[in-house]
A.B. asks: 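This is the structure I have questions about; it appears just below.
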Amino acid sequence: MKCCGLITTQKEPGTGKSPQISTNVFTEHTVSLFIVFLVVCWSVPLKSIEVELEVKDHVATVVSTLNYQNQEDKPLEAVFVFPLPGDAAVCHFSAKIGQTQIVAEVKEKQQAREDYDDALSSGQQAFLLEESEQSPDIFTLSVGSLPPGESASIRLEYITELAVQADDGLRFSLPAVLNPRYEPQAATVQVTSVPASQIPYSLSFSARVSSPRPVSKVESNCSLDPLQYLNKEQTQATVKLAGGHKFDRDVELLIYYKDAHQPTAVVEAGQASAKPGSLMGDPVVMLSLYPEFPESVMSSLSSCGEFVFLMDRSGSMSCSTSHSKPKETRIGSARDTLLLLLKSLPMGCYFNVYSFGSSYQHIFPKSVEYSDQTLEEAVKKVEEMTANLGGTEILQPLKHIYNQPCIPKQPRQLFVFTDGEVSNTKEVINLVKKNSGSHRCFSFGIGEGASSALINGLAKKGRGHAQFITGADRMQTKVMQSLRFALQPAVVDISIKWDLPKQVSATVLSPPITTLFQGQRSLVYAQLTGKVGPAPSHSEASLCQPSKTQLHFSLKPAEDTGLTVHRLGARVLIRSLEMEEREDRGEKGEAVKEKVVELSVKSGVSSSFTAFIAVNKSDGKPIEGPLIHRNVPTPSKCFLNHKNRSKYIKLNLNQHTEHVQNWQFYGTSQLLPFPASNFKHFEANEPKLPYRDPFLQLVSLQKASGCWLLDPALAAALGKTSEELDQSKPASVGCLWATILALIWLHASKTDSKGEWELLSLKAVSWLRAQNAPCVECVDAANTLLGCKVQRDVLGL
């Protein structure tokens, strides 16, 4: 027996015996498990996955083909639990067996399940694709009654919009990694996870990019073949994933266009076979708006607010942030980022820091005023944080935060840091939405496999902004962009005004826009009712906020879009209705559920209440014999192994070690459902904190007011001795010397990461100005000492 990922009591095929687990790895009483993920590697029917990506401007269509083959001597059922982007519109599912093509139809979920079971019972082949009821970014694919030696190809298609990044790139992520989701009580979806290196199937990936504007470059966290342009205007290009992908990370593409942020409108004609007046029968328009704020708004950063930071300290946060930085842990990077955030907060605000795992903690009983004393206490506690709180139960700390009364004239801003491994995603998002009137929520998904449904959902329903930190991304850069968003004045009274021909009206499908940020796209979908002919009649949509954003567009339908815009619009409406149903489980909720099912069936877009079902009803011979069940393993990024001993589990075995066979280990360590009487201790032992780099050392020394003090620690951060600092200090500068030294070092040594320290630099400059003392001599002396040439106007003095 080969072992590579999951302990299970499933019997070996053909023997009727449970797999025998060698007990020589266990001590008599206490077991320290560094490798806790074992799987019985029987034949896995999934052999390869082929992914074709087509990007048109900022909309991606993804076609995945999953190739199965039964190499066993009995018919089998293969079950594959896998991730998709949380905002994807799954719109096609089909199977090909030999020369027979079976296109699935969307049905109410329970009906689809019954059809699937009935088909298997009668010896027919059936295929079922359903969305998890807990989280919209998890899908289960069941391939039933695959005869011995038979092959099947499953085709899955979905559409999604690409998010705009801080550097203007468009981010596409193919979730190759599915980390098990922590369920506070009992898991409803069991995920078979193994180390990425032991995945028994291959992945091929190709992308075609097209836009009205030239494609300037395509970057990835994975090895790519060179970008190939298809025309001289460079508006079309293709790229492929290099061979040998190891499933050790999500496949991420960053696509850059020249002059990227341009408002656009796409009008798509309705489906000819659909009823006029229905969503699929009428034209649908997709507006992409990029609001521009006046300089007066952009420059007026708030000096007040209640900033609440919620930090994930579950066991999985001790995993490395990426394959390229194996020694950098998620919790370590989050600690450094939180330090930078705390130092960048404005004087006059209030703040608190929460952390959570299976339980939660807070540094202060309630939010406190920002001062040197409270900042110092918080920094000390943050530096002691480790990934030692077990599971990922985010709901209870959120409830506690929302139960705290808001502070008058201090708008609440919530920052959530998590690797997103929870299964009660919808419950968490509902809570955030329910409290969206009292705060804004900024969310950060850390590492591969973070739930896009959770991270995006928190931000969308919390009127904030979402960021994902993967691969070689610096967490600090992205988080500081969100802090700048949080410090911008909240935009209220946002509305959209339409100027359409008299015979045409617009029904907005998207939920109301509740928040806007400079440079960030706002998408609006609307159904156009009336006489929308092929002639190019012109219309206008205006986004009204601090400044008016106008977009003129033609009502002439675009060509070659298929039903992409309709399906994205249907997806938006389905998600809104699902949220409405969860808020009212009574009679009204049932009516909403029926509406979702009807819309899902007519649009061909999946929902939490429907599923895709395909049954092979050909006249072939019924498949006979007992059906063998096989779970297709999914790669999990965070595994304990002999190279990563940053956390371990100690089990006290009060019973004979043979009872280990009754346990099931799923994915990461926080999911071990041990008997309560045997569970004694869980801890995460990290090595001593490494020497902090000079930048973070310098940041840690700044005071709440923005100044630095002249002391040996500052000298060490600047690479000098205290004597050198004292001897070079001009006689007339007084208390300015240390702060000017720090500012000049930042401007000279950290120019490429200015976005990370710009806010604390502004705070330092404000402090210097408040001292009302001349600093020309001081700047010159500091430049001489540090060997720099930073001008006073660059410093902002």
A.B. asks: Can you name the side chain to side chain donor-acceptor pair (under 3.5 Å) partners of Ser48, sequence neighbours left out?
C.D. replies: Asn67

A.B. asks: Distance to the ring centre below 6.0 angstrom and angle to the axis at most 45 degrees; does that hold for Lys109 and Phe609?
C.D. replies: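 No.
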
A.B. asks: Got a sec, which residues hit side-chain contact (heavy atoms from CB on, under 4.5 Å) with Leu66, two or more places apart in sequence or on another chain?
C.D. replies: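 By the side-chain contact (heavy atoms from CB on, under 4.5 Å) rule, Leu66 matches Leu46, Ile49, Ser64, Tyr68, Phe80, Leu141, Ile154.
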
A.B. asks: Taking only residues two or more places apart in sequence, or in another chain, which ones meet Ala269 in a side-chain contact (heavy atoms from CB on, under 4.5 Å)?
C.D. replies: Pro557

A.B. asks: Can you name the ring-ring contact (aromatic ring centres under 6.0 Å, His included) partners of His92, sequence neighbours left out?
C.D. replies: none

A.B. asks: For the residue pair Ser603 and His566, confirm or rule out a side-chain donor-acceptor distance under 3.5 Å.
C.D. replies: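 No pair is found: no donor N or O on one side chain lies under 3.5 Å from an acceptor on the other.
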
A.B. asks: Who passes salt bridge (charged side-chain N to carboxylate O under 4.0 Å, His left out) against Glu598, sequence neighbours left out?
C.D. replies: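 Testing Glu598 for salt bridge (charged side-chain N to carboxylate O under 4.0 Å, His left out), a comparison that skips the adjacent residues, returns Lys602.
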
A.B. asks: For a salt bridge (Lys or Arg N to Asp or Glu O under 4.0 Å) check, start with the C-alpha distance between Arg521 and Glu161, then their side-chain angles and the critical distance, and finish with the verdict.
C.D. replies: CA-CA 11 Å; Arg521 182 187 63 219; Glu161 304 110 339; 6.0 Å; no

A.B. asks: Which word best sums up how the rings of Phe612 and Phe93 line up, parallel for under 30°, tilted for 30 to 60°, or perpendicular for over 60°?
C.D. replies: perpendicular

A.B. asks: Can you name the residues that form a salt bridge (charged side-chain N to carboxylate O under 4.0 Å, His left out) with Asp57, not counting sequence neighbours?
C.D. replies: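 Listed in chain order: Arg213.
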
A.B. asks: Can you list the residues that meet the side chain to side chain donor-acceptor pair (under 3.5 Å) rule with Gln111, with sequence neighbours excluded?
C.D. replies: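 Counting only residues at least two positions away or on another chain, Gln111 forms a side chain to side chain donor-acceptor pair (under 3.5 Å) with Asp115.
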
A.B. asks: Could you tell me whether a side-chain N or O of Glu268 sits under 3.5 Å from a main-chain N or O of Thr564, the two making a donor and an acceptor?
C.D. replies: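 It does hold such a pair.
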
A.B. asks: By the definition side-chain contact (heavy atoms from CB on, under 4.5 Å), identify the one residue from Val508, Val572, Leu279 that meets it with Tyr525.
C.D. replies: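 Testing each of Val508, Val572, Leu279 against Tyr525, the sole residue satisfying side-chain contact (heavy atoms from CB on, under 4.5 Å) is Val572.
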
A.B. asks: My understanding is that only residues two or more places apart in sequence, or in another chain, count here; which of them pass salt bridge (charged side-chain N to carboxylate O under 4.0 Å, His left out) with Glu108?
C.D. replies: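 Glu108 satisfies salt bridge (charged side-chain N to carboxylate O under 4.0 Å, His left out) with no residue once adjacent residues are dropped.
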
A.B. asks: Going by the salt bridge (Lys or Arg N to Asp or Glu O under 4.0 Å) test, which pairs reach into residues 119-130, not counting sequence neighbours?
C.D. replies: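 Applying salt bridge (Lys or Arg N to Asp or Glu O under 4.0 Å) to every pair that reaches into residues 119-130, excluding sequence neighbours, yields Arg113-Glu130.
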
A.B. asks: Tell me, please, which residues at least two apart from Glu150 pass salt bridge (charged side-chain N to carboxylate O under 4.0 Å, His left out).
C.D. replies: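 For Glu150, no residue satisfies salt bridge (charged side-chain N to carboxylate O under 4.0 Å, His left out) once neighbours in sequence are set aside.
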
A.B. asks: By side chain to side chain donor-acceptor pair (under 3.5 Å), which residues pair with Glu578, not counting sequence neighbours?
C.D. replies: Arg575, Ser608

A.B. asks: For Ser600, which residues count as a side chain to side chain donor-acceptor pair (under 3.5 Å) partner, sequence neighbours excluded?
C.D. replies: Thr610

